Amino acid sequence: MMDAAAAQRRVDRERNARKQAEQLLEKKSLDLYEANENLRLLAASLEQQVEERTAELNEKRKLAVAADDAKSEFLAMMSHEIRTPMNGVLGTLMLLDPEQLNSHQADLVETAVDSAESLLEIINDILDFSKIEAGKMDLENVEFDITSLINDTVSAVKPLAKKKNLTFKTRISSKIQGAVVGDSLRVRQILTNLISNAIKFTDSGQIDITIDRDQADSSDLIRFTVTDTGHGIAPDKLDLIFTAFSQADGSTTRKFGGTGLGLAICSRLVVLMGGEIGVESEPGKGSTFWFTARLARVDKSSSVAKASVKKIPSEFAPFENVHLLLVEDNATNRKVLSLLLQSIGVSFEVAENGQEAVDALASDADRFSLVLMDAQMPVLDGYEATAQIRAREQNSRVKSAIPIVALTANAMRGDREKCVAAGMSDYMTKPVRKGELHAMIGKWVNQSAIVADNRVEIV
Amino acid sequence: MKGIIFTEFVEMVEDKFSPEMVDTIIEASDLPSGGVYTSVGTYDHSEIVTLVTALSEQTNIGAVDLIHAYCSHLFVRFTQMHPEFFADQSTVFEFLKQVDGYIHVEVKKLHPDAELPKFSYETPRDDQLVLIYQSSRHLGDVAEGLIRGCIEYFNEEITIERDDRTNGGDANIHFTLTKVA
């Protein structure tokens with residue numbers, strides 16, 4: 001048997017050990033609680049930081065969106081502001097009768113016209129490029145005749161080649177014919193750009209243009225090829241030429257002019273059309289530029305109204321029995337347009353704002369064959385005026401609605417839609433050229449019967 | 001040193017000798033803790049040396065033999081308390097190689113205040129493992145006892161050669177383990 005004192009000591013040791021363990025446990029519990037508490041506080045502070053940061057970022061995002069909106073707004077405004085005076089300049093110059101000028105004056109006028117045209121081209125390039133960069137370039141999907149488009153485009157640039165004594169050959173494959181669906185204006189823009197470049201950089205020799213189906217006959221991909229016998233491009237510069245603001249050679253700008261945006265715009269447009277663009281070149285021998293575009297063929301039996309490509313006649317046949325209403329608030333524009341209309345032999349009346357137009361049509365609509373309607377005007381703008389005219393037509397159940405063609409300096413996305421939505425029949429951007437105006441009037445005056453059937457329903 | 005080393009020692013002395021023997025050696029030693037141990041506490045490692053020395057004096061058994069015996073016991077207790085460390089190991093060499101890189105890492109997680117010796121190893125031959133013990137505690141006997149306990153546990157025939165290369169400072173002992181063919 002253990003003696004009593006030893007047993008007591010053992011019990012004491014066990015008890016003390018237990019107490020020690022309990023104290024340790026308590027201390028550990030406290031430590032654990034504190035650690036937990038610290039974690040909780042940390043989590044709370046992190047959450048708060050996340051919230052603050054999120055709020056900050058939201059604020060910054062708002063500012064960025066606002067800045068972007070302001071930029072778009074500015075772009076739209078500049079587009080309008082620049083085109084309006086350009087309209088005045090170009091219109092006025094074109095009205096000068098060369099026969100009444102001496103040769104020195106005629107030279108000066110020609111220089112002024114050339115400069116104004118170049119400026120307009122540059123403005124258009126910059127606007128196009130800005131639109132593409134902002135993702136705001138919308139391509140149209142309308143039916144057009146591909147062969148006429150090619151012929152029109154080629155004949156428009158042919159005189160330039162003739163001036164330089166270049167041989168000019170166009171080959172259109174028999175597989176290319178009939179109606180296709182796409183953006184005819186943009187196809188024309190790319191083709192014009194490539195051909196103009198070829199002419200610009202070729203001093204002698206020839207320009208060959210070939211248009212063919214890209215692969216099998218079933219493919220909608222059309223390949224346009226432009227080959228010249230010009231300067232050619234150094235291999236190390238080939239990659240650069242489709243890049244914005246770069247030309248193969250810095251001296252190009254000084255020698256040949258241009259913004260250096262043309263091919264950059266083309267290459268982006270081609271992508272939007274589901275195609276590709278490329279170049280093969282050898283310095284001193286010439287270059288071959290090509291692009292493809294996906295242009296869906298139209299079933300011949302379908303009866304969709306064609307947005308046919310109008311040939312711009314070199315001489316403007318006067319219109320008989322055609323009387324227009326010109327609605328334009330800006331005095332300069334009014335004068336230019338009036339003179340343009342006179343020069344193509346159209347009689348017309350003038351309204352200075354939308355309200356005057358509405359009133360003129362209300363008194364006697366039948367005397368007008370067409371309305372040329374400015375979009376932005378004081379008192380009553382073109383959209384609202386059109387809406388009122390259409391409403392009146394609905395109420396009085398007229399058999400054929402009057403064609404209303406928008407004349408606007410707005411070249412931004414959505415303008416065409418806005419005009420159509422307001423009930424307008426067609427759309428022209430300023431500055432308006434004589435040929436375009438003639439073609440537009442011809443289109444609507446001759447088609448007014450069809451138009452009445454196809455007009456967008458106004459609610 | 002972790003309290004478990006002391007509580008296990010006390011229990012072993014109670015079992016193998018008697019509760020009176022525990023009381024006697026504690027009374028004979030001047031221990032800072034007063035011989036009050038709990039497995040969750042931490043105590044000065046010199047106390048275990050003092051207790052073993054006292055037990056050796058009382059029983060006339062060599063201190064080193066006592067340590068080896070105790071360590072064999074301790075090793076078996078480890079395999080019971082932490083079976084997870086033994087689940088994947090099936091040989092002495094495999095187990096000992098894992099001590100530094102795995103087991104001591106796990107021990108640190110459970111006991112951040114534990115001060116652990118360093119065990120590195122070399123394998124000069126397929127049938128040989130050189131385990132190098134380095135520690136400021138100079139508990140080479142405990143290390144050897146545990147190695148022996150390990151060999152006993154896995155029931156293998158392995159001889160141990162001990163080469164003390166300590167040269168002042170920390171202990172540096174090479175244990176060469178050779179499998180008996």
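Sequence lines set the chain letters: A, B, ... in the order given, protein chains first and strands last, and positions in each chain run from 1. Keep in mind that this is a model prediction, so the values were computed, not measured. Note that these values count all heavy atoms, side chains included, but never hydrogens, waters or copies made by symmetry.
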Q: Using a strict 4.0 Å threshold on nitrogen-to-oxygen distance, state whether Arg10(A) and Glu20(B) make a salt bridge.
A: no
Q. Are there more than 12 heavy atoms of other residues, nucleotides or ligands under 6.0 Å from atom CD of Glu22(A)?
A. yes
Q | Stepwise side chain to side chain contact (heavy atoms under 4.5 Å, CB included) test for Gln20(A) and Val40(B) | A | CA-CA 9 Å; Gln20(A) 208 181 79; Val40(B) 291; over 6 Å; no
Q: Mind ranking Gly35(B), Ser39(B), Gly3(B) by heavy-atom pairs under 4.5 Å with chain A and telling me who comes out on top?
A: Gly35(B)
Q: Mark yes when over 12 heavy atoms from residues, nucleotides or ligands other than Asp236(A) sit less than 6.0 Å from its CG; otherwise mark no.
A: yes
Q. Is it true that atom NZ of Lys108(B) has more than 12 heavy atoms of other residues, nucleotides or ligands lying nearer than 6.0 Å?
A. yes
Q | CD (Glu26(A)) with more than 12 external heavy atoms under 6.0 Å | A | no
**Q.** CZ on Arg18(A) to OG1 on Thr38(B), rounded to 0.5 Å
**A.** 11.5 Å
Q | Salt bridge Arg9(A)-Asp23(B), side-chain N to carboxylate O under 4.0 Å | A | yes
(Q) Tell me if the CG atom of Asn36(A) is crowded by more than 12 foreign heavy atoms within 6.0 Å. (A) yes
(Q) For a quick test of reading the model, state the closest non-hydrogen atom pair linking Gly41(B) to Leu24(A) and the distance between them. (A) CA-CD1, 3.5 Å
